[in-house]
There are 2 protein chains.
Amino acid sequence: MQAIEKLADFLRTLGNPTRLMIVKELTAGQKCVGEVENILKISQANASQHLHILKSNDIVDCIRQGTTRCYFLKDPELIQNLLKLIEQKLP
Amino acid sequence: MQAIEKLADFLRTLGNPTRLMIVKELTAGQKCVGEVENILKISQANASQHLHILKSNDIVDCIRQGTTRCYFLKDPELIQNLLKLIEQKLP
DNA sequence: ACATTTTATTCGTATATTATTATATTATGA
DNA sequence: TCATAATATAATAATATACGAATAAAATGT
């Protein structure tokens, strides 16, 4: 795939309020699906769906821990620098 | 509007291949609609529409120059730093 | 093996996004 | 004023996305 497409995919994936909130939560450390569900007050299916999209786009990964699945940022520094950069400017 | 929504809007606006290419072109300097149209080989209407979306989201602005309209990045540094940051990481 | 807990998937529906086509607007020059 | 060039807008159709409801799958403990 073209580099520009990959870049656009990355940005579009983050360009959703729910996914952005998930990612922000994950900057504080890994969370399982149920935690994301409770913190953001979204349905279990929706949490799982968004996490799947984030995983498909290589933004998060997960490990099984017993019956739960812990999701975490694949590149926390990238995400944090990105958010810092934009948040400084936007408001 | 919530900060998170603004942030998501910003990212979603950039998260489209055509708009991303437009923005990349604009990092090299301002361009009028016809130039964008020719460089990216997209229709005039499409170029104008994408530029409108970029303008609505405060990513570009424009000035009239006779019968043409020159579009330019409102914050070139932000865009350049953003692209640099991501492109370094994204393989 | 069964029940429970946690997560994933499927499906339907509503909404959003995108590109195309056609038309309108705006400024300029003859 | 009229014609032209450049850009904007509107309407449409195709596709994508988001969410909820229901169901399935996977692992654990009894």
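In the text below, chain A, chain B and the rest are named by the order of the sequence lines, each starting its count at 1.
Counting to the nearest Å, the P atom of C:dT17 and the NE2 atom of B:H52 are 12 Å from each other. The CD1-C1' distance, from A:I53 to D:dC19, rounds to 11 Å in whole Å. Per the geometry, CG belonging to A:L54 stands 10 Å off P belonging to D:dA18, to the nearest Å. The interatomic distance linking B:L51 (CG) with D:dA6 (P) rounds to 16 Å, in whole Å.
The backbone N or O of B:H52 lies less than 3.5 Å from a partner atom in the side chain of B:S56, making a donor-acceptor pair.
Not a single side-chain hydrogen bond (donor to acceptor under 3.5 Å, both in side chains) links A:N16 to another residue, sequence neighbours left out. Evaluation of the side-chain hydrogen bond (donor to acceptor under 3.5 Å, both in side chains) rule for B:N46 yields B:H50 as partners, not counting sequence neighbours. Under the side-chain hydrogen bond (donor to acceptor under 3.5 Å, both in side chains) criterion, A:N38 pairs with no residue at all, not counting sequence neighbours. With sequence neighbours left out, the side-chain contact (heavy atoms from CB on, under 4.5 Å) criterion links B:K55 to B:V60, B:D61, B:C62, B:Y71. Residues satisfying the side-chain hydrogen bond (donor to acceptor under 3.5 Å, both in side chains) test with B:T13, not counting sequence neighbours, are B:N57.
Taking 4.0 angstrom as the limit, A:H50 places a side-chain polar atom (N or O) nearer than this to OP1 or OP2 of D:dC19. A:Y71 has no side-chain polar atom (N or O) that falls below the 4.0 Å cut-off from OP1 or OP2 of C:dT6. In this model, the phosphate group of D:dT17 is not approached by any side-chain N or O of B:R12 to a distance below 4.0 Å at OP1 or OP2.
Summarising the geometry of B:L20 relative to A:I4, their closest heavy-atom pair is CD2-O, 3.7 Å, with the distance given to 0.1 Å. Taking both residues in full, the closest heavy atoms of B:L40 and B:T18 are given as CD1-O, 3.9 Å, listed atom of the first, atom of the second, then distance.
Here the side chain of A:N46 is nearest to one of D:dG20, D:dT9, C:dA19, namely D:dG20.
The residues A:K6 and A:D9 are annotated as not salt-bridged, no charged nitrogen and carboxylate oxygen being separated by less than 4.0 angstrom.
The hydrophobic cluster containing B:F72 also includes B:I63, under a criterion of side-chain heavy atoms closer than 4.5 Å among ILVMFWY residues, counted directly or through chains of members.
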Which atom pairs link the protein and nucleotides 10-15 of chain C when you take only N or O atoms and keep those under 3.5 Å?
| unit_1 | atom_1 | unit_2 | atom_2 | d |
| --- | --- | --- | --- | --- |
| C:dT10 | O4 | A:Q49 | NE2 | 3.2 |

- Can you give one letter per nucleotide of nucleotides 23-30 of chain D, going 5' to 3': B for a protein heavy atom under 4.0 Å from the base, S for sugar-phosphate only, - for none? ---SSS--
Quick one: side chains of residues 25-36 of chain A, donor-acceptor pairs under 3.5 Å with protein atoms, not counting sequence neighbours, listed by atom name and distance.
| unit_1 | atom_1 | unit_2 | atom_2 | d |
| --- | --- | --- | --- | --- |
| A:T27 | OG1 | A:K24 | O | 2.5 |
| A:K31 | NZ | A:G29 | O | 3.4 |
| A:E35 | OE1 | A:C32 | N | 2.8 |

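Just one residue in the list B:L82, B:N81, B:L14 forms a side-chain contact (heavy atoms from CB on, under 4.5 Å) with A:I86, and that residue is B:L82.
Annotation: proximity of residues 16-43 of chain B to DNA chain D (heavy atom, distance under 4.0 Å) is found for B:C32, B:V33, B:G34, numbered in ascending order.
Contact annotation for B:T68: backbone-only contact, meaning every heavy-atom pair under 4.0 Å involves sugar-phosphate atoms and none involves a base.
For residues 64-74 of chain A, the pairs satisfying salt bridge (Lys or Arg N to Asp or Glu O under 4.0 Å) are A:D58-A:K74, with sequence neighbours left out.
Atom NZ of B:K84 sits about 10.0 Å away from atom CG of A:L85, to the nearest 0.5 Å.
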- Given Watson-Crick or G-U pairs with both distances under 3.5 Å, what dot-bracket string fits DNA chain C, with | for other-strand pairs and [ ] for crossing? ||||||||||||||||||||||||||||||
